Chemist: 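Have a look at the structure that comes next, please.
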There are 2 protein chains.
Amino acid sequence: MRLYSFELSPYAARARLAVYRKGLDVEIVEPPEGGPAGEAYRAINPLGKVPALVLDDGTVIPESAVIVEYLEDRFPTPALLPRAPEDRARARLIARVAELYLMPALHPLFEQFFAEPRDRAKVEAGIAGVRKALDQLEHFAAGDGWAAGPDFSLADCALMPVMFAVTGVLGGFGESEPLRGQPRLDAYWRRIQDDPAVARVTAEMKAGLAKLMASRR
Amino acid sequence: MRLYSFELSPYAARARLAVYRKGLDVEIVEPPEGGPAGEAYRAINPLGKVPALVLDDGTVIPESAVIVEYLEDRFPTPALLPRAPEDRARARLIARVAELYLMPALHPLFEQFFAEPRDRAKVEAGIAGVRKALDQLEHFAAGDGWAAGPDFSLADCALMPVMFAVTGVLGGFGESEPLRGQPRLDAYWRRIQDDPAVARVTAEMKAGLAKLMASRR
């Protein structure tokens, strides 16, 4: 299998974290010349986004959420979902809130990060939007263990890369304790750093970030 | 179980279609006084959106995609997912493209629908955006049967209400054959109208639309 990916993309990182936790043999590459919106890549994934998983028979599976569920269906051990339907729902919910509420709340801050001069009102509104989404996530997150309960799950695959982005961006705007209002998420974020797969994805995202920052200088 | 729902919401309709196809006993109600953003409902679902499914023990499951997967896990017959991992991925992908690419592409047109006067450039850009998303969906849709293959699946739960919205909105802007460029989706949309659960959700969405139009007069 081949995974189209960018180091810094939290969506690609979500798929990579699932791949690493399951110990799968997957070739990880960037989109071909022209980038994700280019003609060559759109012939592979018409949605024009990373990640996309290409199976050995050529079948293309786009969208990080779909890729992770596919890997779980196809390679069920080690599991990325608990057994009980209610626990599975909680894991999927946390993944969705991370992807569709928290991550989009960062976009106004991404824009302001490189803006000269920064618009203070937009920065403050952006930080407030991120805090609101963090509060929503805090409501659903487990109090100990992994994001959705005692075991690593697809909730962690989705949440970990977004937390990397959130803490990095809020830190970049001078928030020294970015999770001070969300004690569950704060403890979670500290707790998971030593996991080898999490550490590997963190290192990849840091490398991607360093390249981005160098390109903007 | 209780489902918080609005007749016209394509997200709530997605959950209702799963409930009807599975023949489940679910009480369907609107959010309490104050609406989905109000305090009473936010105490139930902090995301402030319909649908939300409340289980008999009080557990709340928000987000239509999560609700449908939960119903599938908890009440597996009749199934809303095929057996093969690749087929399951296709069903989930179509559901996602309908929800996250096609439905958001309608928003600029919703705004213009009640605008006086309408902004012709925005209408044209809006229609082009919807056509682009329809093309993406056309790429992944099955050529016959249901949205993702021979059997009804959670792809249909997500796609049917969005198709109701797309054909209605494009029709409202004078597009007499809104799916002329997407023959698979066009044939699909005609083919599924006689299914009892589809017809029921269609009637509910029409009733919701009639109320909306009356309130705008």
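Here the structure is a predicted model, which is why all the values come from computation and not from measurement. We name chains A, B, ... by the order of the sequence lines, and we start the count at 1 in each one.
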Chemist: Does CG in B:Asp57 sit with more than 12 non-hydrogen atoms of other residues, nucleotides or ligands closer than 6.0 Å?
Modeler: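 Enclosed.
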
Chemist: What is the minimum heavy-atom distance between A:Val66 and B:Ala89, and which atoms define it?
Modeler: CG1-O, 3.4 Å

Chemist: Using a cut-off of under 4.5 Å on heavy-atom pairs, state which of A:Arg74, A:Arg92, A:Gln136 scores highest against chain B.
Modeler: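 Among A:Arg74, A:Arg92, A:Gln136, the one with the most close pairs to chain B is A:Arg92.
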
Chemist: Considering only NZ, NE, NH1 and NH2 on the basic side and carboxylate oxygens on the acidic side, decide whether A:Arg96 and B:Glu99 come within less than 4.0 Å.
Modeler: yes

Chemist: What part of A:Arg88 lies closer than 4.5 angstrom to a heavy atom of chain B: side chain, backbone, both or neither?
Modeler: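 A:Arg88 touches chain B through side-chain heavy atoms alone.
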
Chemist: Would the number of heavy atoms belonging to other residues, nucleotides or ligands and lying under 6.0 Å from CD of B:Glu27 be above 12?
Modeler: yes

Chemist: Tell me, out of B:His139, B:Glu69, B:Lys132, B:Glu72, who's got the most heavy-atom pairs with chain A below 4.5 Å.
Modeler: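 Maximum pair count with chain A is reached by B:Glu69.
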
Chemist: Side chain to side chain contact (heavy atoms under 4.5 Å, CB included), that's the test. Do A:Glu63 and B:Tyr101 meet it? Break it down for me.
Modeler: CA-CA 11 Å; A:Glu63 296 290 298; B:Tyr101 292 75; 2.4 Å; yes

Chemist: Is atom CD of B:Gln193 surrounded by more than 12 heavy atoms (other residues, nucleotides or ligands) closer than 6.0 Å?
Modeler: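 More than 12 within 6.0 Å, yes.
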
Chemist: If I measure from the heavy atoms of chain B, does A:Arg42 come under 4.5 Å with its side chain, its backbone, both, or neither?
Modeler: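 Only the side chain of A:Arg42 comes within 4.5 Å of chain B.
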
Chemist: Are B:Phe75 and A:Pro85 side-chain neighbours, meaning at least one heavy-atom pair lies under 4.5 Å?
Modeler: no

Chemist: Which atoms of A:Leu71 are under 4.5 Å from chain B, going by heavy atoms: the side chain, the backbone, both sets, or neither?
Modeler: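 Neither the backbone nor the side chain of A:Leu71 comes within 4.5 Å of chain B.
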
Chemist: Less than 4.5 Å to any heavy atom of chain A: does that hold for the side chain of B:Leu55, its backbone, both, or neither?
Modeler: side chain

Chemist: Counting heavy-atom pairs closer than 4.5 Å to chain B, which one of A:Ile61, A:Asp135, A:Leu93 comes out on top?
Modeler: A:Leu93

Chemist: Looking only at heavy atoms and a cut-off of under 4.5 Å, which of B:Leu100, B:Leu47, B:Val97, B:Val60 has the most pairs with chain A?
Modeler: B:Leu47

